Amino acid sequence: MQKAKGITNKFIHKWRKYGDYILLGLPGFIMLFIFRYLPMGGLIVAFKDYNVRRGFFDSPWVGAKWYNMLFMSDDFSIAFMNTLIISLLKLVCYFPVPIILAILLNELNKRYFARTIQAVIYLPHFISWAILSGILFSLFSPQLGILKVLGIEKSPLLMPGTFRWLLVLTEIWKASGWGTIIYLAAISGIDPNLYEAAIIDGANRFKRIWYITLPSISGTIVVLLILRLGNILDAGFGQVYMLYNASVYDVADIIDTYIFRVGLSTGRFSLATAAGLFKSVIGLILVLVSNRLAKIFNPDAGIM
Amino acid sequence: MKIKKMLGDKIFDICNVLFFIAFAAVTFYPFLHQLSISLSEKSRAMSGGFFFYPRGFTIAAYRFVLQSNYIFLAFKNSIIITVGGVLLCLVVCSSYAYIMSKRDLPGYKFWNFIVIFSILFSGGLIPEYLVVRSLGLTDNLLALILLGAITPFNIVIIKNFFQNLPKSLEESAIIDGARPLKIFTNIVLPLSKPVLATISIWVAVSQWNNFMRGLMYLPSRHNYILPVLIRDIVIGQSDLAVMEVQSETTGETVTAATIIVALVPILMVYPFLQKHFTKGIMLGAVKG
C-alpha cells in the first residue's frame, strides 16, 4: 500500500516535471512516426509481392525477386546511367557558375545595381518547374519560339541530342542566381584589410580575386562540392519530369522518374519500391561518406 | 603605371556591368516572351521569333482564363495547403524543436536522432504513397498539409536557433515557477520570430510549388492545386485548352495567360520572399 502510494507520488512528480515536454513533443513525434517512419517500414514491400487488397502484412514474401528483375531490366540500367550522366554534366557545367557569379557580383561597385541584378537572377528559384516548363515549352516551340529565327523546326526539348544540355542550361537559369547566396555569405566574411593591403602592394583586380577571394572561399567550395557528390543520385526529379517526353526517354529517364512511372503510372508498387530502396541506401552511404569528408575540410560543415 | 592600372580596372568594371546586364536580360527574357504571347493576337503570336512586346494587343486570353472556374478552385486549394501547412508546421515543428533543444531532458539523443535520421534516409515515394493511401488520405487536401508540415530539416534549424537563445531569461522564469509550456509560449516563441518567419516562408514556397505530391495525392479536378492545373493546361489535357472555341484566342495564348496569372502572386510577395530567404541561409549556416 505504502509502496503503491510511493509509485503514484513518483508518477505525479515525474508528470509535473516532464508533462509539459510530453505535450509539446507528442504531436511532432506522432507525425514523424506516421509520415517518415511508417514509409521506412513500408520498404518491406520491396521484398514482397505487394497487392493492394492484401496490404503490407498479408502480401507474400518473394525475396530478391524484384532486384533480379531490376538489375536484368534495360530500363533500370538506362535510368541509372542517365542519372549519373546528368548529375555529372550538371556538376561540371553548373557547379562553377554560382561561384563565378558570386565573385563577379562582389566586384560590382554600385550597390543598387547589384541589388537589382540579384533580384532578377534570383527570381526563377521561387517558381515551380511546372510553371517554368510551360514557359520553356513556348520559348522553344516551333511555332511561338525564338528558334524560329534560326529556322529550326523541331523543339530541342524533343531531340535526344540536345535534351541533356537543355537540362543543364535550364538548371543554370533556375538555380545559379540563387546559388550565389552561400558564396556571397562566405565572401562577406573576408577581412577588408586584406584587399587594402593588396591594393597598396599594387595587385590588380584579377590578382585580388585569385589570391584573396578564391582562397578565402575555397573551404565553402570544397564543402558544397562534397555535399553535392553525396547527392549524385538526385539528378533533378521535378525538372526532368516536367521537361521530358516519350521521344527522349532513352537519354532523360532517371531513377526518380523511373520509380514514379513504374510505381504510380503502372501500379507495380513492389518493383518501384525496390528501385527506391536501392537509391535510398546508396544515397545514405554517399551522404554519410561525404559528410565525413566535408568535416575533414571544415569541422563546422555538414548536417551532423 | 598608375594610369594603366586604373584603366585596367575601368575596363574590368565596364565588362562586368555589361556581363550582368546580359545575364539578367537572358534570365528575364523567357518571362517577357510569355507575357508578350499572352497579350498577343492569335495569328500574330504564331509567327514566332523574339517577342519584346505584344503583337496586336488583346486581353482575350486573360478574359478566357478568368472565366474558368478551375483556376479559382486551384488557387483556393493552393492557398489552403500553403496556409494550413505553414500554421501546422509552426505549431508542430517548433514545439518538437523545443524538446529537442533541452540537453538535460531524458532521451535527448533519441529525440534528436529520429529527426536527423529521417533527413538522411527516407522510405521514398512509393512507400509514402502506400502509407498515405492506407490512411485514406488520398484526394484530401489534408494529406498535403500534413506531409508539408513535418519537415525534419526545418525542425533542426529551429532547434539550433533555440539553443543559441540566451539562457538567462528561461532560467529566471524557472525560478519564478513558470511551467515549461508557459516558458515556451511566452518567452521562447516571441524571441524566435526571425527563425519562425524564415521557416514559414520556406514551407510556404515549397507548398505553393509542390507539384509532385499534388499530382500523386490529389487526382480529382476539384482538388487540383495550381501547379498541377498549369501542367494539365500546358500539356493540353485540360478543358481550358480543349473547350477553346473563341476565335480571338489560341491554346497557346491561353496557356501563356494562365502561366502569367499563376506568377502574379509570387511576384507580389517576391521582395518579402527574397529578404527572408537570404536570412534563412545565414540561419542554416549556424551549426548546433
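Lettering of chains follows the sequences in order, A, B, ..., and the numbering in each one begins at 1. On a predicted model such as this, the values are computed, not experimentally measured, just so you know.
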Task: Region of Leu146(B) in contact with chain A, defined by heavy-atom distances below 4.5 Å - done: both
TODO: Could you give me the CA-CA distance, side-chain angles and deciding distance for Phe12(B) and Leu104(A), then say whether side chain to side chain contact (heavy atoms under 4.5 Å, CB included) is met?
DONE: CA-CA 10 Å; Phe12(B) 179 94; Leu104(A) 292 178; 4.2 Å; yes
- [ ] Indicate yes or no: at least one non-hydrogen side-chain atom of Phe117(B) is less than 4.5 angstrom from one of Arg36(A).
- [x] no
TODO: Determine the option with the most heavy-atom pairs under 4.5 angstrom with chain B, choosing from Leu123(A), Ile259(A), Val120(A), Leu23(A).
DONE: Leu123(A)
Open item on the list: Listing request: all side chain to side chain donor-acceptor pair (under 3.5 Å) pairs with a residue in residues 112-130 of chain B, at least two apart in sequence or in separate chains.
Closed with: Asn112(B)-Lys159(B), Glu128(B)-Arg213(B), Glu128(B)-Tyr217(B)
- [ ] Could you pull out the closest heavy-atom pair between Pro124(A) and Thr27(B), with the gap in Å?
- [x] CG-CG2, 3.7 Å
Task: Tyr270(B) and Tyr122(A) aromatic centres sub-6.0 Å - done: no
- [ ] Over all heavy atoms of both residues, which pair between Ile127(A) and Asn209(B) is shortest? Give the atoms and the distance, please.
- [x] C-ND2, 3.9 Å
Open item on the list: With a 4.5 Å cut-off on side-chain heavy atoms, are Ile114(B) and Phe29(A) touching?
Closed with: yes
Task: Residue pair Leu264(A), Ile126(B): steps toward the side chain to side chain contact (heavy atoms under 4.5 Å, CB included) verdict - done: CA-CA 8 Å; Leu264(A) 294 172; Ile126(B) 306 297; 4.1 Å; yes
Open item on the list: With a 4.5 angstrom heavy-atom cut-off, is it the side chain or the backbone of Leu88(B) that approaches chain A, or both, or neither?
Closed with: side chain
Task: Tyr21(A) (side chain) donor-acceptor with Pro180(B) (main chain) under 3.5 angstrom - done: no
Open item on the list: With a 4.5 angstrom heavy-atom cut-off, is it the side chain or the backbone of Leu137(B) that approaches chain A, or both, or neither?
Closed with: side chain
Open item on the list: Please classify the contact of Ile266(B) with chain A as side chain, backbone, both or neither, using a heavy-atom distance under 4.5 Å.
Closed with: side chain
Open item on the list: Quick check for you: among Phe237(A), Phe137(A), Phe33(A), which has the greatest number of heavy-atom pairs under 4.5 Å with chain B?
Closed with: Phe237(A)
Open item on the list: Consider side chain to side chain contact (heavy atoms under 4.5 Å, CB included). Of Leu38(A), Leu43(A), Val45(A), which one does Pro127(B) pass it with?
Closed with: Leu43(A)
Task: Top contributor to chain B contacts, counting heavy-atom pairs under 4.5 Å, from Thr116(A), Leu136(A), Ile117(A), Leu26(A) - done: Ile117(A)
Task: Trp208(B), part contacting chain A, at a heavy-atom distance under 4.5 Å - done: neither
- [ ] Supply the atom-to-atom distance Gln34(B) CD to Ile131(A) CD1, rounded to the nearest 0.5 angstrom.
- [x] 10.0 Å
- [ ] Give, as side chain, backbone, both or neither, the part of Phe121(B) having an atom under 4.5 angstrom from any heavy atom of chain A.
- [x] both
- [ ] Select one option (side chain, backbone, both, neither) describing which atoms of Leu267(B) are under 4.5 Å from chain A's heavy atoms.
- [x] side chain
Task: Top contributor to chain B interface from Leu101(A), Leu277(A), Leu147(A) [non-hydrogen pairs under 4.5 Å] - done: Leu101(A)
- [ ] Please determine, among Gln118(A), Lys279(A), Met40(A), the option with the most heavy-atom pairs under 4.5 Å with chain B.
- [x] Met40(A)
Open item on the list: Distance check, rounded to the nearest 0.5 Å: Asp20(A) atom CG versus Phe184(B) atom CZ?
Closed with: 11.0 Å
TODO: Sort Leu105(A) into side chain, backbone, both or neither according to what part of it lies under 4.5 angstrom from a heavy atom of chain B.
DONE: both
Open item on the list: Just so I know, are the side chains of Ser176(A) and Phe23(B) near enough to count as touching, which here means a heavy-atom distance under 4.5 Å?
Closed with: yes
TODO: Kindly compute the distance separating CD1 (Ile21(B)) from CZ (Phe113(A)), expressed to the nearest 0.5 Å.
DONE: 4.0 Å
- [ ] Look at the aromatic rings of Trp173(A) and Phe31(B) and report parallel, tilted or perpendicular, splitting at 30° and 60°.
- [x] tilted
Task: Top contributor to chain B interface from Pro27(A), Pro39(A), Gly42(A), Ala130(A) [non-hydrogen pairs under 4.5 Å] - done: Pro39(A)
Open item on the list: Using every non-hydrogen atom in the two residues, find where Gly25(A) and Tyr96(B) come nearest and quote the distance to one decimal.
Closed with: O-CD1, 3.4 Å
- [ ] Grab the two heavy atoms, one from Val115(B) and one from Tyr37(A), that are nearest each other, plus how far apart they are.
- [x] N-OH, 4.5 Å
TODO: Below 4.5 Å from any heavy atom of chain A, which atoms of Leu130(B) appear? Answer side chain, backbone, both or neither.
DONE: both
Task: Interchain contact, Asn109(A) with chain B, by part (heavy-atom threshold 4.5 Å) - done: side chain
Open item on the list: What I want to check is whether the side chains of Ser138(A) and Glu252(B) have a donor and an acceptor closer together than 3.5 Å.
Closed with: no
- [ ] Mind checking the OH-CZ spacing from Tyr241(A) to Arg231(B)? Nearest 0.5 Å is all I need.
- [x] 6.0 Å
Task: Closest heavy-atom pair and its distance - Met31(A), Ala149(B) - done: CE-CB, 4.2 Å
Task: Top contributor to chain A contacts, counting heavy-atom pairs under 4.5 Å, from Ser94(B), Pro152(B), Cys93(B) - done: Pro152(B)
Task: Non-hydrogen side-chain atoms of Ile34(A) and Leu135(B) separated by less than 4.5 Å - done: yes
Open item on the list: Does any backbone or side-chain atom of Val281(A) lie under 4.5 Å from a heavy atom of chain B? Answer side chain, backbone, both or neither.
Closed with: both
Task: Interatomic distance, Ile30(A) atom CD1 to Ile150(B) atom CD1 [nearest 0.5 angstrom] - done: 10.5 Å
TODO: Kindly compute the distance separating CZ (Phe50(B)) from CG (Leu139(A)), expressed to the nearest 0.5 Å.
DONE: 8.0 Å
Open item on the list: Salt bridge check, Asp13(B) against Lys110(A): does any charged N sit closer than 4.0 Å to a carboxylate O?
Closed with: no
